[in-house]
Protein chains: 4
Amino acid sequence: MTSERRQGRPRSEEARRAILAAAMDGLQEHGYAGLTIEGIAARAGVGKQTIYRWWPSKADVVLDAMLDLAETEIAVPDEGSLPADLTAFLTATFRQRGRRPVLIGLMAQALLDPVFAVAFRERFLFSRRAALGELLERAKARGEIAAGLDPELLIDVVYGVLWYRLLLDHAPLDEAAGRQLADLVVRAVR
Amino acid sequence: MTSERRQGRPRSEEARRAILAAAMDGLQEHGYAGLTIEGIAARAGVGKQTIYRWWPSKADVVLDAMLDLAETEIAVPDEGSLPADLTAFLTATFRQRGRRPVLIGLMAQALLDPVFAVAFRERFLFSRRAALGELLERAKARGEIAAGLDPELLIDVVYGVLWYRLLLDHAPLDEAAGRQLADLVVRAVR
Amino acid sequence: MTSERRQGRPRSEEARRAILAAAMDGLQEHGYAGLTIEGIAARAGVGKQTIYRWWPSKADVVLDAMLDLAETEIAVPDEGSLPADLTAFLTATFRQRGRRPVLIGLMAQALLDPVFAVAFRERFLFSRRAALGELLERAKARGEIAAGLDPELLIDVVYGVLWYRLLLDHAPLDEAAGRQLADLVVRAVR
Amino acid sequence: MTSERRQGRPRSEEARRAILAAAMDGLQEHGYAGLTIEGIAARAGVGKQTIYRWWPSKADVVLDAMLDLAETEIAVPDEGSLPADLTAFLTATFRQRGRRPVLIGLMAQALLDPVFAVAFRERFLFSRRAALGELLERAKARGEIAAGLDPELLIDVVYGVLWYRLLLDHAPLDEAAGRQLADLVVRAVR
DNA sequence: TCGTAAACGAGACGGTACGTCTCGTCTTACA
DNA sequence: TGTAAGACGAGACGTACCGTCTCGTTTACGA
């Protein structure tokens with residue numbers, strides 16, 4: 001077995017934290033488009049190379065910063081019935097609306113850069129989809145979902161509406177919207 | 001009546017067309033992120049200022065180019081029943097998938113630039129929503145849609161799924177998907 | 001014989017005057033480097049083409065404006081002796097120092113544009129040289145100038161000092177300087 | 001002693017030399033007016049920023065290029081008598097005539113840009129004046145110059161004629177002219 | 001304890017595109 | 001035909017960042 005011993009000065013945890021913090025701060029201040037690697041480095045008191053050494057692009061920095069903050073994972077509710085579970089899940093999820101600036105920045109980058117798109121899907125989006133999938137699977141086992149329905153489509157409906165409203169910002173993403181959407185899904189799967 | 005007489009040399013229709021064509025060509029060749037105003041100008045044989053005089057950003061050029069090409073408006077089908085109408089509408093709409101590179105470029109720009117976002121919503125997205133809204137309105141008049149349902153939510157479900165799949169590119173956007181989604185909506189509104 | 005009748009609308013004297021006035025005003029306000037054809041046209045309420053139709057460059061406009069104003073030609077003094085004549089000529093000439101901004105702009109343009117340089121030399125500089133030449137010629141006839149001396153060199157000395165100080169702005173160009181230089185020339189030609 | 005430790009990547013001497021060389025080459029090829037920062041950068045294989053980082057304008061680049069080349073400083077001759085010294089100095093100086101394109105470009109820029117004018121005077125012109133001043137000072141000590149004469153005026157006479165002929169290009173600047181001018185100055189100071 | 005080696009900060013480098021500016025030409029309608 | 005207006009192709013301007021590079025310094029480890 002390889003010893004995995006690394007030589008030389010170890011990676012600075014302090015620099016890592018400063019960079020992620022600077023990225024989030026810069027994001028708040030100038031928006032995603034106005035965020036630059038140069039700016040992050042300056043604000044973090046760090047050389048640009050230290051960023052490039054560990055992240056391939058600013059989007060990857062932001063994604064890491066995002067995931068670092070998102071310790072508060074949305075728990076998968078288990079209240080015993082699809083309507084209750086769905087409502088709980090959606091109202092919790094819709095509370096993420098406050099992160100809109102970060103989320104749309106990440107999505108924009110994913111659209112412009114196919115390499116980042118992969119990381120974004122797999123490290124961020126799919127883990128969210130999995131939670132909802134688990135919830136639906138349980139409902140299906142309880143017979144609350146008609147047999148012919150593809151759970152993937154249901155997930156797409158839920159996250160489709162969420163992202164569509166997040167991106168367009170033309171309709172509310174609040175608790176009422178969560179309940180309304182939960183209702184619609186429940187009606188559809190009968 | 002206002003005479004609307006403009007002074008000076010009139011805007012060159014030839015230049016306008018050359019710019020829009022160059023934008024679409026460049027889009028095909030380098031993708032949205034690789035498209036530059038400088039490149040468009042060079043390819044169109046036009047000064048950069050001629051572009052900046054009429055469009056505030058490359059996204060606005062692309063949006064105009066899009067709308068110019070989208071002569072083939074999606075007609076609002078009227079087959080007498082919601083399932084038939086919806087299926088026709090969705091299978092037609094999903095054929096736009098081929099435009100994915102352009103559409104995701106426009107969306108990315110809308111996410112990064114709030115000013116462009118307004119133009120994108122109002123000149124592009126809302127006209128599509130209106131067509132679907134008309135179709136649903138007719139179904140409601142025929143009593144095919146339950147009273148309590150918000151048609152806006154239904155529109156968000158349809159376009160939510162469409163855009164979510166377009167952006168993530170994780171699931172098909174073909175005729176089968178159109179039928180599946182139409183089915184789901186019909187089930188939900190009963 | 002050709003009738004010399006010109007066809008079409010005659011040249012607008014009003015426009016000509018407005019252009020020359022605008023040029024002088026712009027010169028005062030932004031300096032020669034900051035003066036643009038576009039700015040002159042706007043200020044004069046005139047199309048750019050009207051300027052280009054009659055003058056090849058901004059320097060030519062300024063030169064014309066200059067000559068238009070310089071009606072007050074420096075008279076060639078005739079006081080009967082070289083020292084008196086020279087002192088009168090130089091103190092009068094040195095009063096032109098106030099025109100420094102215009103003069104150095106014209107000179108700069110002459111240095112950068114050989115075509116304009118010809119016009120500048122012939123329409124402006126040489127007419128000044130001729131006046132001084134006349135004065136020296138008279139002195140020579142009176143025997144006040146030693147035989148072997150080239151009057152051209154003397155002219156170059158006088159105008160050399162004048163322009164050198166005008167351009168560098170490192171030493172005064174006042175009445176005292178005029179007298180000092182006259183003295184020097186008189187000493188040299190004995 | 002000051003440590004003078006500079007941080008970061010040190011300035012590239014290679015780039016500096018390439019830029020100055022490209023500036024001189026471009027000057028020969030297109031003249032001063034046709035010289036552009038963009039052209040210098042391209043020819044030197046250098047980013048534009050590397051030029052702007054170290055020089056505020058193209059004139060400053062050219063001035064540095066000039067001074068870099070002018071290793072062949074004009075020595076101050078010391079032959080024991082004013083006529084001999086002056087003749088030697090002037091014939092040597094007048095050999096600079098070959099640099100006319102560069103010199104008039106620098107002067108033009110100095111006339112258009114007061115900030116550059118200061119640099120041009122202090123780094124270039126005044127060092128030349130000082131050499132001549134030294135020569136005259138020695139002559140004065142030997143009693144070859146009449147008491148009442150301002151040596152500054154004499155310097156202005158010499159450099160005035162030199163620059164006036166350089167700028168106007170209406171009379172020769174050769175060895176004969178140098179001797180002629182030396183003669184004149186010697187006559188004047190008796 | 002001392003060399004080796006990687007990470008660090010700083011910041012210069014070659015590039016690319018930006019959006020602006022001005023040039024000199026052109027194309028209208030009107031006088 | 002001359003004019004004011006103003007769009008046009010052209011191309012340099014100076015700036016902003018990109019991602020890479022080269023310094024001197026710092027911080028671990030293993031010999």
Side-chain angles (χ1 to χ4, degrees), chain A residues 5-12 14-16 34-42 44-54 56-58, chain B residues 3 5-16 18 34-42 44-54 56-58, chain C residues 6-12 14-15 18 34-39 41-42 44-54 56-58, chain D residues 3 5-16 18 34-42 44-54 56-58:
Chain A
R5 255 353 283 82
R6 304 285 309 320
Q7 264 193 326
R9 179 174 176 173
R11 175 172 184 181
S12 159
E14 192 184 349
R16 188 186 147 273
L35 189 69
T36 65
I37 294 275
E38 217 132 71
I40 295 172
V46 138
K48 282 200 291 175
Q49 197 56 253
T50 301
I51 300 183
Y52 283 111
R53 206 179 344 260
W54 304 109
S57 77
K58 80 166 171 179
Chain B
S3 78
R5 249 2 276 82
R6 302 277 279 72
Q7 265 189 322
R9 180 174 177 173
R11 176 172 183 180
S12 160
E13 180 58 22
E14 193 183 350
R16 189 187 146 272
L35 189 68
T36 65
I37 294 275
E38 216 135 72
I40 295 172
V46 139
K48 281 199 289 176
Q49 197 59 264
T50 300
I51 300 182
Y52 284 112
R53 197 168 2 248
W54 303 109
S57 76
K58 79 167 171 179
Chain C
R6 302 286 310 312
Q7 266 193 329
R9 180 170 173 175
R11 176 172 182 182
S12 159
E14 191 183 349
L35 190 69
T36 64
I37 294 275
E38 218 130 69
V46 138
K48 282 199 292 174
Q49 198 56 253
T50 301
I51 299 182
Y52 281 112
R53 205 173 348 256
W54 303 109
S57 78
K58 78 167 171 178
Chain D
S3 77
R5 251 358 274 88
R6 301 277 280 78
Q7 266 190 319
R9 179 173 177 173
R11 176 172 183 181
S12 160
E13 180 59 20
E14 193 184 348
R16 188 186 146 273
L35 189 69
T36 65
I37 295 275
E38 215 135 74
I40 295 172
V46 139
K48 281 200 287 175
Q49 198 58 258
T50 300
I51 300 182
Y52 284 112
R53 202 174 351 256
W54 303 109
S57 75
K58 77 167 172 178

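Hydrogens, waters and symmetry mates play no part in the numbers below; they use all other heavy atoms, side chains included. Below, chain A is the first sequence line, B the second, and so on; all start at residue 1.
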- prompt: Which atom names give the shortest non-hydrogen contact between A18(B) and A44(B), and what distance separates them?
  reply: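 Nearest heavy atoms, A18(B) then A44(B): O-CB, 3.6 Å.
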
field: Distance-minimising heavy-atom pair for T50(D) and A15(D)
entry: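 Closest pair (atom of T50(D), atom of A15(D), distance): CG2-CB, 4.4 Å.
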
What is the separation between atom [atom1] on [X] and atom [atom2] on [N], rounded to the nearest whole Å?
X      : N       : atom1 : atom2 : answer
E14(D) : dC13(E) : CD    : P     : 11 Å
I51(D) : dG14(F) : CD1   : P     : 11 Å
L35(D) : dG11(F) : CG    : P     : 17 Å
R16(B) : dC8(F)  : CZ    : P     : 12 Å
W54(B) : dC8(F)  : CH2   : C1'   : 11 Å
Q49(B) : dC8(F)  : CD    : C1'   : 10 Å
R11(A) : dC8(E)  : CZ    : P     : 7 Å
E38(B) : dG9(F)  : CD    : C1'   : 14 Å

- request: Ignoring hydrogens and angles, answer whether the base of dG6(F) and the side-chain atoms of K48(C) contain a donor-acceptor pair closer than 3.5 Å.
  value: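 Donor-acceptor pair under 3.5 Å: no.
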
field: Polar side-chain contact R9(B)-dC8(F) base: donor and acceptor under 3.5 Å
entry: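 Per atom types, no contact qualifies.
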
- request: Look at all strands and tell whether G45(B) reaches a base, only sugar-phosphate, or nothing, counting heavy atoms closer than 4.0 Å.
  value: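 G45(B): backbone/sugar contact only, no base atoms under 4.0 Å.
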
query: Out of dA17(E), dG24(E), dC8(F), which has the shortest distance to the side chain of I37(C)?
result: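 Between dA17(E), dG24(E), dC8(F), the one nearest the side chain of I37(C) would be dG24(E).
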
- request: Counting heavy atoms from C-beta on, name the nucleotide in dC18(F), dG14(F), dC23(E) closest to the side chain of Y52(D).
  value: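 The nucleotide sitting nearest to the side chain is dG14(F).
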
- prompt: Relative to the 5' end of DNA chain F, which residue comes earlier, T50(C) or G8(D), by the nucleotide with the nearest heavy atom?
  reply: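 Nearest nucleotide further toward 5': that of T50(C).
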
query: Is the distance from OP1 or OP2 of dG2(F) to the nearest side-chain N or O of R53(C) less than 4.0 Å?
result: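 Result: no.
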
query: Should R16(A) and W54(A) be marked as a side-chain contact (heavy atoms from CB on, under 4.5 Å) after you check the CA-CA gap, both sets of side-chain angles, and the distance that decides it?
result: CA-CA 9 Å; R16(A) 188 186 147 273; W54(A) 304 109; over 6 Å; no

- request: State, yes or no, whether a side-chain contact exists between L35(D) and K58(D) at a heavy-atom distance under 4.5 Å.
  value: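 Side chain of L35(D) against side chain of K58(D), heavy atoms only: contact under 4.5 Å found.
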
field: First encountered from the 5' end of DNA chain E, between G39(C) and A44(A)
entry: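 The residue closer to the strand's 5' end, by nearest nucleotide, is A44(A).
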
- request: May I ask you to decide if A41(B)'s main-chain N or O and K48(B)'s side chain share a donor-acceptor pair within less than 3.5 Å?
  value: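 Side chain of K48(B) to backbone of A41(B), a donor-acceptor pair under 3.5 Å: no, none is there.
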
